[in-house]
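In what follows, a single structure is set out as structure tokens and then discussed.
We name chains A, B, ... by the order of the sequence lines, and we start the count at 1 in each one. Being a predicted model, the structure only gives us computed values, none of them experimental.
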Amino acid sequence: MTSTLDAATVTMAGALNTALADALAADQGVVVFGEDVGTLGGVFRVTDGLAARFGQDRVFDTPLAEAGIVGTAIGMAMNGLRPVVEMQFDAFAYPAFEQVTSHLAKLRNRTRGAVSLPIVVRIPYGGGIGGVEHHCDSSEAYYAHTPGLRVVTPASPADAYRLLRQSIDCPDPVIFLEPKRRYWSKETAQLEAGGPALDQAAVVKRGTDVTLISYGGTVATTLEAAAAAAEEGWDAEVIDLRSLSPVDDRTLTESVRRTGRAVVIHEAAGFCGYGAEIAARLSERCFHSLQAPVLRVTGFDIPYPAPALEGHHLPSTDRILDALARLQWDDEPDERWLDSGGAHA
Amino acid sequence: MTSTLDAATVTMAGALNTALADALAADQGVVVFGEDVGTLGGVFRVTDGLAARFGQDRVFDTPLAEAGIVGTAIGMAMNGLRPVVEMQFDAFAYPAFEQVTSHLAKLRNRTRGAVSLPIVVRIPYGGGIGGVEHHCDSSEAYYAHTPGLRVVTPASPADAYRLLRQSIDCPDPVIFLEPKRRYWSKETAQLEAGGPALDQAAVVKRGTDVTLISYGGTVATTLEAAAAAAEEGWDAEVIDLRSLSPVDDRTLTESVRRTGRAVVIHEAAGFCGYGAEIAARLSERCFHSLQAPVLRVTGFDIPYPAPALEGHHLPSTDRILDALARLQWDDEPDERWLDSGGAHA
Amino acid sequence: MQSLDFRPFRARHWRQLFTDVSHWEPNVTAVAAHPVSSSPPAGTGLLPSGEPWQLIDPAGQPVTEAGPLPPDPTLTELYRRMVIGRRFDAQATALTKQGRLAVYPSSHGQDACQVGGVLALREQDWLFPTYRDSVAIVTRGVDPVEVLSLLRGEWHCGYDPHQHRVAPQCTPLATNTLHAVGLAHAARLKDEDTVALVLLGDGATSEGDTHEALNFAAVWKAPVVFLLQNNGYAISVPLAKQTAAPSLAHKGIGYGIPGELIDGNDAAAVYTTVQAAVERAAGGQGPTLIEALTYRIEAHTNADDATRYRNSDEVAAWLARDPLTRLEAYLRSAGQLDDDGAGRLRAEAEQFAAVLRERMNADVPADPAELFAHVYAEPTAPLREQRDSLLAELRDAGEQR
Amino acid sequence: MQSLDFRPFRARHWRQLFTDVSHWEPNVTAVAAHPVSSSPPAGTGLLPSGEPWQLIDPAGQPVTEAGPLPPDPTLTELYRRMVIGRRFDAQATALTKQGRLAVYPSSHGQDACQVGGVLALREQDWLFPTYRDSVAIVTRGVDPVEVLSLLRGEWHCGYDPHQHRVAPQCTPLATNTLHAVGLAHAARLKDEDTVALVLLGDGATSEGDTHEALNFAAVWKAPVVFLLQNNGYAISVPLAKQTAAPSLAHKGIGYGIPGELIDGNDAAAVYTTVQAAVERAAGGQGPTLIEALTYRIEAHTNADDATRYRNSDEVAAWLARDPLTRLEAYLRSAGQLDDDGAGRLRAEAEQFAAVLRERMNADVPADPAELFAHVYAEPTAPLREQRDSLLAELRDAGEQR
Ligand SMILES: Cc1ncc(C[n+]2csc(CCOP(=O)(O)OP(=O)(O)O)c2C)c(N)n1
Ligand SMILES: Cc1ncc(C[n+]2csc(CCOP(=O)(O)OP(=O)(O)O)c2C)c(N)n1
Ligand SMILES: [Mg+2]
Ligand SMILES: [Mg+2]
């Protein structure tokens with residue numbers, strides 16, 4: 001199913017809005033609800049105009065209760081609907097955590113496949129927008145660690161459209177993480193629902209020396225870093241994971257076996273973050289191809305900082321370049337880890 | 001502060017009970033509350049007799065609401081108390097997730113250190129007890145990924161006593177994970193609150209060939225595997241992490257640089273599990289010492305199964321030995337990762 | 001044992017049935033914070049009656065002023081299902097002793113709620129039960145062996161929820177209330193005549209999810225009925241530590257939902273009240289909150305030791321209010337049941353239990369590959385990898401043997 | 001603009017102040033599910049009065065039958081603080097336009113709640129505010145620059161909560177209600193005479209945490225006061241989509257807590273009601289739920305566009321019910337305020353704003369090392385490592401320049 005629009009300049013928020021509209025038009029079972037998604041059109045305007053076009057029975061505001069939103073979505077899906085719900089911000093999805101982990105993720109398995117929950121939980125996530133506390137969390141690792149959930153995050157408007165349409169069509173529950181600092185990023189593209197499978201990663205820049213792996217809000221930074229790296233003589237390949245769970249091992253290992261080096265970039269806290277899984281997997285699966293350890297460039301292990309300091313916290317092109325430089329190009333081990341003690345406890 | 005008891009045979013549940021009693025006796029500010037912890041003494045009897053001994057003002061049952069329990073504990077700590085609260089089972093801590101992540105973990109940082117939350121959240125976790133769904137989750141990765149929390153888990157009665165006493169004394173919030181299948185494991189020990197720092201790992205068996213890293217419920221299995229490995233000629237070192245966050249890098253790297261090989265064992269789902277962090281860290285910090293990739297032996301990426309099938313899910317000594325065998329002792333790479341595609345997407 | 005004053009059944013008396021009344025101080029008098037205006041409170045019609053509503057008293061006498069009884073065939077069927085349900089419940093407890101069930105939470109004593117609630121449902125309606133509601137599910141027609149597969153440790157839910165429109169038994173407390181509201185609201189959106197009945201306990205009312213469910217249901221006027229079995233305990237915690245409200249049914253008004261307080265050991269009252277609420281819901285008039293006062297005769301589960309927190313006098317007092325005895329007394333005095341009929345019913349229940357016992361003795365082979373089959377609609381690539389590695393491991397182990 | 005009928009202030013009229021009344025169908029009539037027994041409902045004394053309680057009407061006239069007014073000096077002080085608070089609020093909004101504040105949620109229109117609630121507290125009591133309650137915090141005595149450091153993007157909380165016993169402004173809705181209950185209960189356990197006042201909005205009442213807090217407070221008889229500022233909206237969502245209850249104060253009875261419904265634009269009523277509730281709480285009589293009917297004059301924050309979901313007539317109607325105008329009218333008619341006095345007050349407020357403006361113009365240096373300083377009592381080894389690597393990075397960058 002393809003949007004009727006021809007290639008045009010579109011923001012990610014706009015592409016998501018079109019995806020919702022097209023999904024609502026394509027399937028009577030799709031309903032969209034959450035806090036402020038109806039009359040207001042969402043605090044990020046992603047649902048703008050949908051209530052007016054599709055009516056209050058299909059696009060509606062709920063009382064202010066996130067467990068209530070996810071919990072009732074589960075009941076609706078049991079009755080044949082395809083709910084697409086919005087959590088207003090990342091940290092405000094936590095009240096729904098029990099419904100997500102104990103039911104949304106498990107109900108299909110619990111019933112040996114008898115109950116299917118084709119639900120999409122849209123969550124604007126991440127920082128970089130000068131937001132106050134609780135408005136900038138990157139919660140992907142919580143969801144990716146929860147079996148039974150799919151976790152998807154777009155990095156571009158065209159992907160946002162396609163991945164959201166595919167997520168809505170998917171019979172599995174999908175946590176759909178929208179990198180809010182990319183909402184107003186623009187792209188000239190034709191919005192299409194078809195294309196690669198939902199869980200296929202994209203090589204967004206080809207390269208031979210090192211594989212930079214990222215997703216969501218930091219893909220743009222990573223591409224910038226790759227461009228800067230080229231000036232320093234490193235030809236970096238850039239992978240946008242798109243689907244965090246399941247992860248596309250094939251694309252990853254194929255690339256890293258070729259380049260022999262890898263850096264994972266995300267803005268969430270590094271400790272037990274999503275990048276740990278990627279680094280661990282690649283270290284295992286590509287052990288004999290790796291010329292240097294897989295490095296991670298991530299947010300620090302601190303609560304998301306206030307706007308005045310977020311610039312120091314977020315992965316920057318400089319920090320990615322620093323990591324590149326530490327990839328032992330001259331065969332010298334990273335001196336930071338030479339003393340036998342590591343950090344002093 | 002040492003328990004008055006001499007060395008005696010004690011279960012982990014008993015050691016925890018003694019730790020709570022000693023903490024209540026030592027500090028008037030300590031209060032213990034949760035569901036069924038008062039009159040009943042807890043469904044695992046960890047709080048047995050405490051209400052009778054210390055009175056209903058210090059050890060009490062609450063209404064049935066986990067966010068309520070953690071949320072009010074936060075208020076109490078703001079008013080100078082040291083609450084020790086119980087979540088009845090792992091999955092029943094999820095309703096409190098917002099209070100844990102958005103407040104418990106962040107309030108000290110939010111107030112530049114002005115507000116201290118010396119709270120211990122005790123959570124019986126993990127499977128292996130033939131429990132029904134929602135009673136066997138291993139949720140440590142969620143908490144370990146959350147900056148501002150300490151995450152501690154004992155593997156033996158003596159450690160249970162010491163770590164719980166230290167956690168109660170600690171000015172930081174501690175998620176104290178009790179491996180419920182070890183509750184009735186016995187040990188002859190003198191219970192002491194002093195000793196190594198709260199965040200220090202223990203080398204529980206010395207060895208030279210490979211480092212087996214585990215915590216909580218799987219330490220016993222890991223020690224069994226080490227014993228079996230000895231028969232096959234591998235001298236395994238076993239580390240019990242005890243503190244999952246922060247992690248004791250020094251003990252880990254010191255060991256792995258020496259042995260050159262490592263396996264991480266836990267029963268939680270592997271994907272984005274705690275073992276990913278350990279594998280990623282060691283792969284980075286010990287890159288030049290590693291003779292083989294750091295392997296992980298974990299639960300599968302599935303909801304915790306029903307009792308009839310949990311035996312297939314939980315890491316077994318056999319599965320640990322299989323991993324040992326794959327550590328490329330004969331310098332041959334793991335054939336599973338030789339085809340360039342890895343898993344077929 | 002406490003002496004009981006059976007009629008009229010006053011809330012005060014209901015409370016006296018509990019030993020631990022020391023904490024029981026429901027706040028029923030306003031302490032005016034200031035001289036309030038004389039304007040009378042709004043919405044008092046949503047409040048439950050002061051005393052639990054009853055159609056048949058514990059001695060088996062109809063409470064004529066309370067309203068008409070359901071027709072005799074209905075009462076007979078309620079009794080029959082309670083006899084079978086009680087026998088099922090006893091059988092399940094016995095199976096735990098034989099190691100055939102891992103755990104069983106009995107509903108002995110709550111039989112009138114289990115059976116009365118379910119029989120009031122129509123074919124097209126849905127039931128959202130908890131772990132304690134196996135008898136309700138059996139009454140709804142689900143194969144008892146399938147019902148017990150969860151507690152047998154075989155799989156997390158042994159029946160297909162769509163077949164009899166029964167959601168999986170819910171363990172995380174109160175979370176099922178939201179599922180019921182969602183399912184019911186979806187029915188309205190789809191213009192289907194379906195009502196959802198959700199069962200919850202007194203303890204579960206303290207969870208945030210119950211609050212959110214009542215609120216969503218009220219705002220959406222969703223066709224859902226909340227049947228709250230107040231059995232006095234949440235494991236060991238008595239109601240007095242759970243709430244200070246005059247009754248749990250008093251929560252309704254805070255959402256704009258009518259609250260009903262009924263005698264939960266009177267099957268006729270439960271049946272009539274749930275049926276009326278189902279009709280209201282189906283008629284577009286929205287949800288109802290029904291609090292049925294009852295008692296958990298057994299421990300929380302077979303693994304629990306109830307003597308730690310309540311005394312046997314209390315249990316004895318409630319045994320004297322047995323819902324089966326009550327309805328049997330009525331049916332006999334109404335000439336609807338004699339010794340022969342009672343004997344036939346007992347035999348039917350015995351037969352039901354015997355078949356169950358036998359079927360539960362058969363071992364169910366577990367297929368390890370199934371661990372990976374239902375996590376997603378199709379196993380993902382990583383799960384196929386993990387499945388293959390487990391199967392290889394099992395093959396190797398088999399070869400070694 | 002709608003014409004207003006000022007006295008007596010009926011809930012019906014209050015609802016008429018909202019444009020979007022189409023959804024507003026609070027359920028105030030019971031639809032009896034069955035012939036209920038004649039036994040009257042229990043606990044009705046916990047219900048709020050049918051009409052919001054008021055001491056001074058919108059025209060500035062005392063409502064004598066409602067009870068005595070607070071003493072004149074108190075009324076004068078309430079007015080003074082509202083004038084300063086209103087000026088602070090306007091200044092903060094202006095600072096967002098100059099880029100000196102990232103965002104500001106205004107409480108214009110809710111001034112009587114902000115000031116009346118806080119002035120009713122005693123020195124030793126605690127305040128648990130939300131993001132919207134900056135004026136309340138300033139009124140409590142916290143340095144306005146410290147208050148604004150959150151919204152300035154400098155740090156997540158700019159003041160020491162222990163200094164004035166003011167918890168950090170809470171963003172995750174309703175979560176602060178539990179903190180307040182815990183703090184209050186701890187005071188009781190420690191035998192301290194401390195009451196906690198928690199502020200929450202109409203939207204926040206829908207969250208599970210509010211329910212759990214009300215319940216814990218009631219069961220524990222905790223000395224806590226819930227002041228619910230019902231300003232008609234949760235961002236864009238009108239109350240009619242938030243609840244179907246006769247009033248939000250009707251939730252109290254479901255917990256055994258008295259509910260009070262008051263005119264939230266009447267500073268005298270807010271002050272008197274909160275003060276009485278604080279006394280009740282301090283006297284060991286437990287919590288009170290106060291619903292103050294008021295209105296958010298500005299958009300949700302400066303970043304919001306309120307024209308998308310409400311019309312200007314509605315705002316105009318509420319502007320005509322301004323809490324400052326009302327109290328000013330009373331004070332003038334009571335001879336407590338004249339043009340001179342009003343002028344002096346205005347000057348004081350201007351001076352307050354001028355100092356604030358100037359201080360907010362100063363850039364605050366941010367120290368990157370502080371990112372790691374407060375996560376734990378002592379930075380952990382991994383955090384020290386990360387701090388050192390950031391500092392090295394900054395040093396290198398400095399050297400390069
Ligand atoms: C969210 C959650 N918290 C805790 C538990 C553990 N638990 C199981 S049953 C129970 C008591 C429930 O009491 P009630 O709601 O009155 O139902 P009853 O068992 O009496 O039928 C508790 C605390 C749970 N299942 N879910
Ligand atoms: C748990 C949570 N969910 C969502 C939000 C986003 N949010 C911020 S303010 C707001 C509306 C709150 O309305 P109300 O409680 O009436 O307070 P008001 O803003 O009107 O003062 C929402 C939805 C939040 N802060 N916390
Ligand atoms: Mg109960
Ligand atoms: Mg509001």
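Both the backbone and the side chain of C/V375 come within contact range of chain A, judged by heavy atoms closer than 4.5 Å. Contacts of A/L107 with chain C are made by side-chain atoms alone, with heavy-atom separations under 4.5 Å and no backbone atom involved. Contact of A/A73 with chain C is not made at all, since no heavy-atom distance falls under 4.5 Å. A/S102 touches chain C through its side chain: at least one heavy atom from C-beta onward sits under 4.5 Å away, while N, CA, C and O do not. Contacts between C/D209 and chain A at a heavy-atom distance below 4.5 Å involve the side chain alone, from C-beta outward. With a 4.5 Å cut-off on non-hydrogen atoms, C/E192 touches chain A through its side chain but not through its backbone. Looking at C/A377, both its backbone and its side chain come within 4.5 Å of chain A, counting heavy atoms on both sides. Using a 4.5 Å cut-off between heavy atoms, C/L371 touches chain A through its backbone atoms (N, CA, C, O) alone.
Side-chain contact between C/T380 and A/R150 is present, with at least one heavy-atom pair separated by less than 4.5 Å. Side-chain contact between A/D249 and C/E385 is present, with at least one heavy-atom pair separated by less than 4.5 Å. Counting heavy atoms from C-beta outward, A/S245 and C/Y376 have side chains that approach closer than 4.5 Å. Residues C/E212 and A/E66 fail the side-chain proximity criterion, which asks for heavy atoms closer than 4.5 Å.
Counting heavy-atom pairs closer than 4.5 Å to chain C, the top-ranked of the candidates A/G113, A/P173, A/P171, A/G148 is A/G148. Interface remark: of the candidates C/A184, C/P161, C/G158, C/P161 forms the most heavy-atom pairs closer than 4.5 Å to chain A. Interface check for chain C: of the options A/L117, A/V247, A/I69, the most heavy-atom pairs under 4.5 Å are formed by A/I69. The candidate from A/M78, A/Q28, A/R58 with the greatest count of non-hydrogen atom pairs under 4.5 Å with chain C is A/M78. In terms of non-hydrogen atom pairs under 4.5 Å with chain C, the most contact-rich of A/S116, A/A114, A/G29 is A/A114. Interface check for chain A: of the options C/V181, C/L383, C/L178, the most heavy-atom pairs under 4.5 Å are formed by C/L178. Annotation: maximal heavy-atom pairing with chain A below 4.5 Å, among C/A187, C/P168, C/A186, occurs at C/A186. With respect to chain C, the highest number of heavy-atom pairs below 4.5 Å among A/P147, A/P63, A/A105 belongs to A/P63.
In terms of modelled atom types and a separation under 3.5 Å, the side chain of A/D57 and the main chain of C/L189 share no donor-acceptor contact.
With ring centers used as reference points, A/F33 lies 6.0 Å or more from C/H185.
Across A/H103 and C/P172, no two heavy atoms sit closer than the pair NE2-CG, 3.8 Å.
Between atom CZ of residue A/R110 and atom OG1 of residue C/T171 there is a gap of 7.0 Å, rounded to the nearest 0.5 Å. With rounding to the nearest 0.5 angstrom, the CD atom of A/E98 is 5.5 Å from the OG1 atom of C/T175. How far CH2 of C/W220 is from OG1 of A/T72: 3.5 Å, rounded to the nearest 0.5 Å. Taken from CH2 in C/W155 to CG in A/N109, the straight-line distance is 5.0 Å, to the nearest 0.5 Å. Rounding to the nearest 0.5 angstrom, the gap separating the CG atom in A/L64 from the CG atom in C/N215 is 10.0 Å. Put simply, CG on A/N79 and CZ on C/R165 are 11.0 Å apart, with the number rounded to the nearest 0.5 Å.
Within 6.0 Å of the CD atom in C/E378, the count of heavy atoms belonging to other residues, nucleotides or ligands does not exceed 12.
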